[in-house]
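Data block below; observations after.
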Amino acid sequence: MSDNAENVKAPKESLFSKKNKKLITEPLGDNNPITIQVLGICSALAITVQVEQAFWMSVSVIFVMIFGNLIISLLRNLIPSRVRIIVQLVVVASLVIIVNELLQAFVPDVSEKLSVFVGLIITNCIIMGRFEAFAMSNKPFPSILDAIGNALGYAWILIVVALAREVFGSGKIWGFEIFGSNIPDEETGQMTGLYELGYMNNNMMILPPMALIVVGIIIWVQRSKNKELVEEH
Amino acid sequence: MESTLDIFVKAIFSENMIFAYFLGMCSYLAVSKTVKTGVGLGAAVIFVLGITVPINYLLENYVLKEGALEWLNEAYGKGGENTIDLSFLSFIMFIAVIASMVQLVEMLVEKFAPALYGALGIFLPLIAVNCSILGGALFMQDRQYSTILDATAFGIGSGIGWFLAIVAIAAIREKIRYSNVPPALRGLGITFIITGLMGIAFMSFMGIKYGGDKKEKAEVVKTSQVINDQIQE
């Protein structure tokens, strides 16, 4: 994180210089907010039962992060450092209220399923973490890029976990049955697709603890690929 | 209706903040390296949840809820001429209450209980952005507890549940240092997986039968009979 900050301070760079590109690409891989920085897990895991919820959650987080980072970055010289946490909380809370109202207006059933977890974006550590580590000390444009990178890094983990859980847990993607229907037909009493052959959904994937285990496996894969990320203990 | 004791026990075990909702995971993962710090943060969480949930309950019921301002003027009440619904403000109000309460508690503890401050001191500021505190407030709002006593029981119960979780994982992490974990899983990865397994273990608490009134019990018996019949068929 600290070397990012140094990079961006370099004078007069083009709009999409290598350093700026790095701001977007790094959080997607080797500096992922969830698997490497361990931020923002609180609200991430509970809503990964279905891809649809995970998608809307990601969209909300992307929105809040981009505007939050932009606002904080514009205000960075005006905020006294003693009250900065409160200022940051107020900015996020206002943005989250907007998101919540929009979700309730346009996708009411998703909003109902997400219930309290939209509100919990306020205390999502990624957002506060990026405000603190990046937006408070950088210009608006790099801050936006940083927000996009980190929010996308968060989003792809969320969607991969949701995909794994929805496919294996309920045999669906976005509510669409991919393995056929496991509810017996009223007339024939037959199930369709794979279920006819005896395939069964793994109900365990729907249980909350499996989200943690799936993320654990993603971490495992990622760290086996890149040995530098391995922790001592 | 659930009794206060039911709410309390439920909040500790079957609706544990960490294992059922993953709230407060960021600090849970970051501060669980040793049991000592785990106990400190856990105690601080119990303390702050026990204070902020009742306060937010009062706020919710006398200011924010639709028609809650009836005590000011009858016209503002539900069904009055000018019904006021401030619930869209709840995020920002809750987080403001939490941030200021944490600050206040910190000052009070420092002044009147220096020994406690020595133990909790460094953890209190961390707590303002702990998802479990805001989560407690939002769940309280979502579940519409009928009395302030129930809300307090829920707050303290959730705090104790969080405390149990962090102390348990800290103890396991202290021991696991001597085990031969695959390198890529060391640290974060194995912690995720252990938390998942602990979550599965905690799910067994879902079987606890909470006493309700007789009507509900009769329904439970009825549904279990229906299930039995289905199995036999």
Side-chain angles (χ1 to χ4, degrees), chain A residues 35-48 85-86 88-90 92-94 96-98 100-101 104 115-129 204 207-227 229-233, chain B residues 17-30 33 88-96 98-100 103 125 128-135 137-142 173 176-178 181-203:
Chain A
T35 59
I36 310 296
Q37 303 172 35
V38 215
L39 297 174
I41 300 156
C42 325
S43 52
L45 300 179
I47 46 90
T48 49
I85 301 279
I86 305 266
Q88 290 166 0
L89 281 175
V90 170
V92 196
S94 327
V96 170
I97 290 176
I98 297 174
N100 191 34
E101 297 289 309
Q104 273 176 9
S115 72
V116 303
F117 293 98
V118 180
L120 287 172
I121 297 177
I122 298 173
T123 46
N124 191 318
C125 327
I126 296 182
I127 295 177
M128 298 296 284
M204 203 157 141
L207 303 181
M210 283 312 286
L212 284 165
I213 294 178
V214 173
V215 175
I217 292 170
I218 294 178
I219 292 175
W220 193 359
V221 172
Q222 193 175 22
R223 294 191 181 184
S224 326
K225 271 187 177 168
N226 189 345
K227 295 275 186 261
L229 300 172
V230 171
E231 287 174 63
E232 277 297 298
H233 268 292
Chain B
M17 279 279 183
I18 296 264
F19 297 129
Y21 300 109
F22 315 109
L23 297 182
M25 284 293 285
C26 306
S27 20
Y28 167 85
L29 291 170
K33 285 199 174 120
F88 67 95
L89 280 178
S90 51
F91 292 158
I92 208 163
M93 295 290 272
F94 287 167
I95 197 73
I98 289 166
S100 45
Q103 200 86 47
V129 286
N130 186 322
C131 322
S132 62
I133 311 290
L134 184 64
L138 293 174
F139 275 125
M140 177 274 299
Q141 186 190 30
D142 205 39
R173 282 181 83 171
I176 214 161
R177 227 166 276 167
Y178 308 108
V181 179
L185 267 179
R186 264 176 214 159
L188 195 58
I190 196 73
T191 313
F192 264 89
I193 291 178
I194 293 171
T195 310
L197 294 176
M198 286 164 74
I200 293 175
F202 260 69
M203 294 201 71

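The model shown is predicted, which means the values in this text are computed figures rather than measured ones. Sequence lines set the chain letters: A, B, ... in the order given, protein chains first and strands last, and positions in each chain run from 1.
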(message) Going by side chain to side chain contact (heavy atoms under 4.5 Å, CB included), name the residues that satisfy it together with A:Leu207, two or more places apart in sequence or in a different chain.
(response) A:Met204, A:Pro209, B:Met203
(request) Working to the nearest 0.5 Å, report the span between CE of B:Met25 and CG of A:Leu212. (result) 4.5 Å
(request) Quick one: closest heavy-atom pair of A:Arg223 and B:Arg186, and the distance? (result) NH1-O, 3.9 Å
(message) Is it the case that atom CD in A:Gln222 sees more than 12 heavy atoms from other parts of the structure closer than 6.0 Å?
(response) yes
(request) Counting only heavy atoms closer than 4.5 Å, note whether A:Ile97 contacts chain B via side chain, backbone, both or neither. (result) both
(request) Start with the C-alpha distance between A:Thr123 and B:Leu23, add both sets of side-chain angles, then the distance that settles side chain to side chain contact (heavy atoms under 4.5 Å, CB included), and finish with yes or no. (result) CA-CA 10 Å; A:Thr123 46; B:Leu23 297 182; over 6 Å; no
(message) Please find the pair of heavy atoms, one from A:Gly216 and one from B:Phe192, that lie closest to each other, and give the distance.
(response) CA-CB, 3.9 Å
(request) Please look at B:Leu29 and chain A and tell me whether the side chain, the backbone, both or neither of the residue comes under 4.5 angstrom of a heavy atom of that chain. (result) side chain
(message) Between A:Asn100 and chain B, with a heavy-atom cut-off of 4.5 Å, which part of the residue counts as in contact: side chain, backbone, both or neither?
(response) side chain
(request) Please report the closest heavy-atom contact between B:Ala99 and A:Leu89, naming both atoms and the distance. (result) CB-CD1, 4.1 Å
(message) Quick check: closest heavy atoms across A:Leu120 and B:Cys131, and the distance to 0.1 Å?
(response) CD2-O, 3.6 Å
(message) With rounding to the nearest 0.5 angstrom, report the CD1 to CD1 distance, A:Ile122 to B:Ile98.
(response) 8.5 Å
(message) Side chains of A:Val90 and B:Ile92, heavy atoms from C-beta outward: is any pair under 4.5 Å?
(response) yes
(message) Tell me whether the rings of B:Phe139 and A:Phe117 are parallel (<30°), tilted (30 to 60°) or perpendicular (>60°).
(response) perpendicular
(request) First locate atom CG of B:Leu188, then atom CD1 of A:Ile219, and finally report the distance between them rounded to the nearest 0.5 Å. (result) 4.0 Å
(request) Drop me the distance from B:Phe22's CZ to A:Ile47's CD1, to the nearest 0.5 angstrom. (result) 10.5 Å
(message) Applying side chain to side chain donor-acceptor pair (under 3.5 Å), can you list everything that pairs with A:Gln88, at least two apart in sequence or on another chain?
(response) A:Glu132
(request) With a 4.5 angstrom heavy-atom cut-off, could you sort out which part of B:Phe91 is near chain A: side chain, backbone, both or neither? (result) both
